[in-house]
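Down below is the structure, laid out as structure tokens.
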Protein chains: 2
Amino acid sequence: MQRNTKQREAIKAVFSGSDRPLSVNEVHELATGLVPGLGVATVYRNIKALADDGWLEVVVMPGEAPRYERGGTDHHHHFHCTGCERVFNLEGCMGRMESLLPKGFLMESHDLTLTGRCDSCAAK
Amino acid sequence: MQRNTKQREAIKAVFSGSDRPLSVNEVHELATGLVPGLGVATVYRNIKALADDGWLEVVVMPGEAPRYERGGTDHHHHFHCTGCERVFNLEGCMGRMESLLPKGFLMESHDLTLTGRCDSCAAK
DNA sequence: GTCGTTGCAAAGCGTTTGCAGCCTA
DNA sequence: TAGGCTGCAAACGCTTTGCAACGAC
């Protein structure tokens with residue numbers, strides 16, 4: 001990653017302006033609004049490069065395409081709404097998960113995903 | 001799902017004999033040992049049907065093909081080893097995650113994945 | 001005998017890659 | 001000007017689907 005192009009700037013801007021994980025498709029559509037004609041391959045290439053850099057992190061839900069969000073932000077987890085299929089960020093954590101580890105296992109990180117209905121879907 | 005074929009029996013047997021989530025490929029290879037000539041499409045079709053039935057559940061790790069395990073077993077979580085890439089089952093849970101929910105959100109289920117080194121990889 | 005199931009091969013679909021031209025530094 | 005970056009289209013790999021034959025009930 002050595003040069004700043006308007007395509008890369010647009011892709012980064014899209015992520016910086018979002019408070020929830022985005023799919024490649026969403027990024028492509030949003031960034032195309034900033035840089036018309038933007039190719040999908042460019043989005044894939046940049047997302048991959050940014051993820052390798054740690055600037056982005058991957059968020060995966062079973063049976064769905066991977067989403068990406070800014071890495072290095074405050075430690076947080078995710079909420080997956082079964083109604084609108086959106087993914088929200090949650091604040092806080094529970095800690096003390098080492099108690100679940102079998103003997104000899106070492107924990108480097110953990111990932112927690114809650115599933116249910118977001119406020120607007122629960123209201124229906 | 002109405003008939004019992006030797007292919008379906010083999011696929012179910014493979015899952016019943018495993019204590020960790022398996023990928024489609026692993027299932028295909030193991031089941032082919034029981035039913036030579038087993039087609040991949042058959043494995044996909046049966047896994048999908050069994051998952052719809054709830055007999056199987058999906059386990060997903062970022063950037064990897066989905067794995068499947070018997071559903072309806074004791075509530076448990078997973079450990080993903082960064083050394084051998086295997087996925088292990090963990091016993092126990094932490095509970096009280098509702099405290100992380102924003103107002104108005106309803107939780108239906110949760111999923112926790114720990115990442116690190118399994119005992120044999122940690123020993124190296 | 002019926003019709004769900006299977007194996008094969010073709011089709012799909014999201015993602016990656018090769019390449020010639022573009023454009024940042 | 002050099003070589004990283006882009007857009008396009010072809011290639012890829014995994015998963016799904018169409019179809020004729022098979023076999024469980």
Side-chain angles (χ1 to χ4, degrees), chain A residues 1-16 21-69 71 80 85-87, chain B residues 1-16 21-69 71 80 85-87:
Chain A
M1 181 144 321
Q2 310 176 350
R3 296 181 185 174
N4 290 324
T5 63
K6 58 178 187 289
Q7 289 87 344
R8 181 168 299 153
E9 292 304 319
I11 291 168
K12 290 168 84 170
V14 165
F15 280 112
S16 296
L22 300 172
S23 68
V24 173
N25 236 324
E26 290 176 302
V27 175
H28 183 222
E29 289 175 8
L30 292 169
T32 299
L34 304 172
V35 181
L38 176 66
V40 210
T42 300
V43 177
Y44 277 104
R45 277 188 280 236
N46 276 290
I47 285 182
K48 188 173 187 182
L50 291 167
D52 288 345
D53 270 21
W55 199 90
L56 285 180
E57 278 173 14
V58 194
V59 181
V60 186
M61 296 295 145
E64 297 186 24
R67 300 158 207 254
Y68 302 84
E69 66 179 354
H80 185 210
E85 292 297 317
R86 283 184 297 177
V87 173
Chain B
M1 179 142 323
Q2 312 177 349
R3 295 180 185 175
N4 290 325
T5 63
K6 59 177 186 290
Q7 288 87 343
R8 182 168 297 153
E9 291 304 318
I11 291 169
K12 290 168 84 170
V14 165
F15 280 111
S16 296
L22 301 172
S23 68
V24 172
N25 235 325
E26 289 176 305
V27 175
H28 184 221
E29 288 176 9
L30 292 169
T32 299
L34 303 173
V35 180
L38 176 65
V40 210
T42 300
V43 177
Y44 277 103
R45 278 189 279 237
N46 276 289
I47 285 182
K48 187 173 187 182
L50 291 167
D52 288 344
D53 269 22
W55 200 90
L56 285 180
E57 278 173 15
V58 193
V59 181
V60 185
M61 297 296 144
E64 298 187 23
R67 299 158 208 254
Y68 302 84
E69 67 179 355
H80 186 209
E85 292 296 317
R86 282 183 299 177
V87 173

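Residue numbers begin at 1 in each chain, while the letters A, B, ... track the order of the sequences.
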- Message: If I take atom CZ from residue B/R45 and atom CG from residue B/L50, how far apart are they, to the nearest 0.5 angstrom?
- Response: 13.5 Å
- Query: Expressed in angstrom and rounded to an integer, what is the separation of A/E64 atom CD from C/dC13 atom P?
  - Reply: 18 Å
- Describe the nucleic acid contact of A/N4 in one word from base, sugar-phosphate, nothing, applying a heavy-atom distance below 4.0 Å. sugar-phosphate
- Task: Quickly work out the A/I11 CD1 to D/dG7 C1' distance and round it to whole Å.
- Result: 13 Å
- D/dT6 C1' sits how many Å from A/I47 CD1, rounded? 15 Å
What N/O pairs connect the protein and nucleotides 16-23 of chain C at under 3.5 Å? Give each pair on its own line.
| residue | atom | partner | partner atom | Å |
| --- | --- | --- | --- | --- |
| C/dG18 | O6 | A/R45 | NH1 | 3.3 |

- Task: Would you mind reading off the distance between A/E9 atom CD and D/dT6 atom P, rounded to a whole angstrom?
- Result: 11 Å
- Task: State, yes or no, whether a side-chain contact exists between B/E85 and B/H80 at a heavy-atom distance under 4.5 Å.
- Result: yes
- Please name all residues satisfying side chain to side chain contact (heavy atoms under 4.5 Å, CB included) with A/I47, sequence neighbours left out, ordered by chain then number. A/F15, A/V24, A/V27, A/V43, A/L56, A/Y68
- Separation of atom CG in B/N46 from atom P in D/dT17, rounded to whole Å: 15 Å
- Should B/Q7 be listed as having a side-chain N or O under 4.0 Å from OP1 or OP2 of C/dG7? yes
- Query: Once you round it to whole Å, what is the distance between P of D/dC5 and CG of A/L38?
  - Reply: 15 Å
- Message: Tell me every residue that passes salt bridge (Lys or Arg N to Asp or Glu O under 4.0 Å) with A/E29, counting only those two or more places apart in sequence or in another chain.
- Response: none
- Item | Residues in side chain to side chain contact (heavy atoms under 4.5 Å, CB included) contact with A/N4, at least two apart in sequence or another chain | A/E9
- Task: Starting from the 5' end of DNA chain D, give me the residue, A/G39 or B/V24, whose nearest nucleotide shows up first.
- Result: A/G39
- Atom CG of B/N25 to atom P of D/dC14: distance rounded to whole Å? 7 Å
- Phosphate-side-chain proximity, A/T42 and D/dG7, N/O vs OP1/OP2 below 4.0 Å: yes
- Message: Without decimals, in angstroms, what is the distance between B/Q2 CD and D/dC22 C1'?
- Response: 17 Å
- Taking only residues two or more places apart in sequence or in another chain, which ones pass salt bridge (Lys or Arg N to Asp or Glu O under 4.0 Å) with B/R67? B/E64
- By salt bridge (Lys or Arg N to Asp or Glu O under 4.0 Å), which residues pair with A/E26, not counting sequence neighbours? A/R20
